[in-house]
Amino acid sequence: MPAGDSFFIATPIFYVNDVPHIGHAYTEVAADVLARWHRQRGDDAWLLTGTDEHGQKILRTATSNGVTPQEWADKLVTESWKPLLQTVDIRNDDFIRTTDARHEKGVQTFLQKLYDDGFIYQGEFEGFYCVGCEEYKQPGDLVDGTGPFEGQQVCAIHSKPVELLQESNYFFRMSDFEQRLLDLYEQQPDFVQPDTVRNEIVQFVKQGLRDLSISRQSFDWGVKVPWDEKHVVYVWFDALLNYITAIGYGVDDDEFDRRWPAVQLVGKDIARFHAVIWPAMLMAAGLPVPKNVFGHGWLLVGGEKMSKSKLTGIAPQQITDVFGSDAFRYYFMRAITFGQDGNFSWEDISARYQAELANGFGNLASRVVAMITRYFDGTVPVAGELTDADLAVRETEVRVTAAADAAIDRFAINEALSSIWELVDTLNGYITEQEPWALAKDESKRERLATVLATSLRGLGTLTVLLSPFIPTATTTLWQSIGQGELTSQPVDRAPEWSSAPEVQPLAAGLFPRIEQPEPAK
Ligand SMILES: [Zn+2]
């Protein structure tokens, strides 16, 4: 991808009523790593996130808490959702709320266009509605209830009874787009990723699409249907539009054309909304579909799914309080194959923190900086003649940079980190083998010592650039000790070309301090 290309990446917007758990933070970190990487290789990157604030469930909770739904949403955005981004160090470019005037206006513009163009009609609808999902359920989506709900049909996700609703609603002619969607999946095989999610989506659409009920009359917490204000827009139809209302749909064509289409990261449980309904809506409006919809896996804790609808989650801060935000980001990007389910455990994060971050990377950084400080008074040594061992380090830098860059283009975030870690291991092995501390004892080996430390520092700087999208805090600290200019302006796809400062500054402390108690007290 040539420099300056648009890279617009969006996370799903958070449903404000949920409690932030590590699953939400996981999506955010993945999107942030991809955005930082692209930004740092010179692409026109833009990271969008935000909150989903309409719908019956919010209205009900707000009412039961004695406040207006807007007050309830404001409170949750301020107290829960924006702080989550701080906790895991997300550098988003925008934060959209579905209660923003810019969003509500954009939804109405979009809806009016579809209505004028004949894609929306009025009809009667009866169906089983799950308030938890904010979705009408097909009979196949229901299961037999247990415990207090025995004898009833319940939502398979929420295990709670559904409501039989009958309404006169507006419908979107989604069935018109069945063939066009199948053509899209066929002609653009990477539109939905990974393959497991793609196959499920194709099977779902092949079973036939029904028109979608897109308005409600039974409550009023939502965007009003512009030609019939007794109706509010169905919350999913409203929420999906955030991806275009945030970038100026209908009001700023230049900005819209600059950004759209987006790369969209979603949990696989909401892939259907993003890979079926959303592209159909865009097709109806004559707009391009997203570049990719990537459905990542679930985080399991003790083998159990962490879902956005169940309150079994671990708060991200429980982890960052112990290990810090860098370790949170590193762990989830490294330990879990992006696109598959992955298991979280305190033992695993603790082991990786110690072995990979503290002993692997952190210790390497401390040793190289300390030896240059000790043997050369901090002045960066100049390499003499290079041996095969030195050249092998340089070759590894170039190779892993290309491999990581290619992996990022495939959304293989964990593979990018594995490639980068080859350089950590190579450098640690190189130093062990070259024994600079032994060379330092022999004045006649002075030039060889300079070459070994210069080569080690080169590699360390390349690592710092490559790791900056993943662990921005530690790499910024290290960069202040060895680098020149802003770390985030170093082209990540040409990481080995970085320039060192003439002198290294001693590191005040280890980049990854010892953790006294790897698991919070229960
Ligand atoms: Zn449900």
Inter-residue atom distance Y330.OH - L417.CG, 0.5 Å rounding: 6.0 Å
Using atom types as modelled and distance alone, determine if a side-chain donor or acceptor of D100 lies under 3.5 Å from a backbone N or O of R97. yes
Option from F470, F512, Y331 for which side chain to side chain contact (heavy atoms under 4.5 Å, CB included) with D326 holds: F512
For F204, is the NZ or CZ atom of R272 found under 6.0 angstrom from the centre of its six-membered ring and inside 45 degrees of the ring axis? yes
When rounded to the nearest 0.5 angstrom, what is the spacing between OG in S418 and CZ in R334? 4.5 Å
Does W46 use its side chain to pair, donor to acceptor, with the backbone of F7 at less than 3.5 Å? no
Can you check side chain to side chain donor-acceptor pair (under 3.5 Å) on N17 and T61, steps first, answer last? CA-CA 8 Å; N17 241 22; T61 345; 2.7 Å; yes
Less than 4.5 Å apart, any side-chain heavy atom of Y26 and any of F338? yes
Evaluate the side-chain proximity of L111 to I214: yes if any heavy-atom separation is below 4.5 Å, no if none is. yes
Report yes if some heavy atom in the side chain of Y115 is under 4.5 Å from a heavy atom in the side chain of Q112; otherwise report no. yes
Between L184 and P279, is there a side-chain heavy-atom distance shorter than 4.5 Å? yes
Side-chain donor-acceptor contact under 3.5 Å, Q264 with W278: yes
To the nearest 0.5 Å, how far apart are CG in L34 and CG in L265? 6.0 Å
Are T27 and T11 linked by a side-chain donor-acceptor pair shorter than 3.5 Å? no
Can N242 and T98 be counted as having a side-chain donor-acceptor contact under 3.5 angstrom? no
Pairing donors with acceptors under 3.5 angstrom, does anything connect the side chains of Q153 and D144? yes
In the structure I gave you, are the side-chain heavy atoms of L84 and P316 within less than 4.5 Å of one another anywhere? yes
F128 CZ to L142 CG distance, which is reported to the nearest 0.5 Å: 7.0 Å
Take atom CZ in F191; do more than 12 heavy atoms of anything else shown fall under 6.0 Å from it? yes
Give the intermediate values and the outcome of salt bridge (charged side-chain N to carboxylate O under 4.0 Å, His left out) for residues R173 and D117. CA-CA 11 Å; R173 293 188 189 279; D117 292 347; over 6 Å; no
Where is the tightest heavy-atom contact between T245 and R102, given as atom of each residue plus distance? CB-O, 4.1 Å
Within the structure provided, determine whether F273 and E135 are in side-chain contact (heavy-atom separation under 4.5 Å). yes
Is a donor from one side chain sitting under 3.5 angstrom from an acceptor on the other, for Y234 and N169? no
Is it the case that the side chain of Q122 and the backbone of S168 share a donor-acceptor pair, with hydrogens and angles ignored and the cut-off at 3.5 Å? no
Report yes if some heavy atom in the side chain of K206 is under 4.5 Å from a heavy atom in the side chain of L182; otherwise report no. yes
Side chains of V77 and K75: does their closest heavy-atom pair fall under 4.5 Å? no
Search all heavy atoms of G132 against all heavy atoms of K57 and return the closest pair with its distance. O-NZ, 3.1 Å
Minimum heavy-atom separation for I22 to A315, with atom names? CG2-C, 4.3 Å
Residues A45 and R259: closest non-hydrogen pair is O-NH1, 4.4 Å
Go through it in stages, so that I can follow the logic: the residues are Q203 and N199, the test is side chain to side chain donor-acceptor pair (under 3.5 Å), and I'd like the CA-CA distance, side-chain angles, deciding distance and then a yes or no. CA-CA 6 Å; Q203 283 318 310; N199 294 340; over 6 Å; no
Here's one to test your reading of the geometry: is the NZ or CZ of K82 within 45 degrees of the ring axis of F95 and under 6.0 Å from its centre? yes
Under 3.5 Å, is there a donor-acceptor pair linking the side chains of D44 and S6? no
Could you grab the distance from atom CG of L212 to atom OH of Y170, nearest 0.5 Å is fine? 15.5 Å
Distance alone, cut at 3.5 Å: any donor-acceptor contact between the side chains of H54 and T99? no
Looking only at non-hydrogen atoms, find the nearest pair between F172 and A280 and report the distance. CZ-O, 3.6 Å
Pairing donors with acceptors under 3.5 angstrom, does anything connect the side chains of H103 and D238? yes
With rounding to the nearest 0.5 Å, note down the distance linking CD1 in I413 to CD1 in I408. 5.5 Å
Heavy atoms only: give me the nearest A25-F328 pair and the separation to one decimal. CB-CZ, 3.6 Å
Looking at W37 and S468, would you say the former's side chain and the latter's main chain have a donor-acceptor pair under 3.5 Å? no
Count the heavy atoms of every other residue, nucleotide or ligand shown that sit under 6.0 Å from CD of E126, and state whether that count exceeds 12. yes
Whether the T49 and E28 side chains hold a donor-acceptor pair (N or O, under 3.5 Å, no angle test) is what I'd like checked. yes
Do E134 and Y129 have a side chain donor and acceptor closer than 3.5 Å? yes
Just by distance, no angles: are the side chains of T68 and Q70 close enough, under 3.5 Å, to form a donor-acceptor pair? no
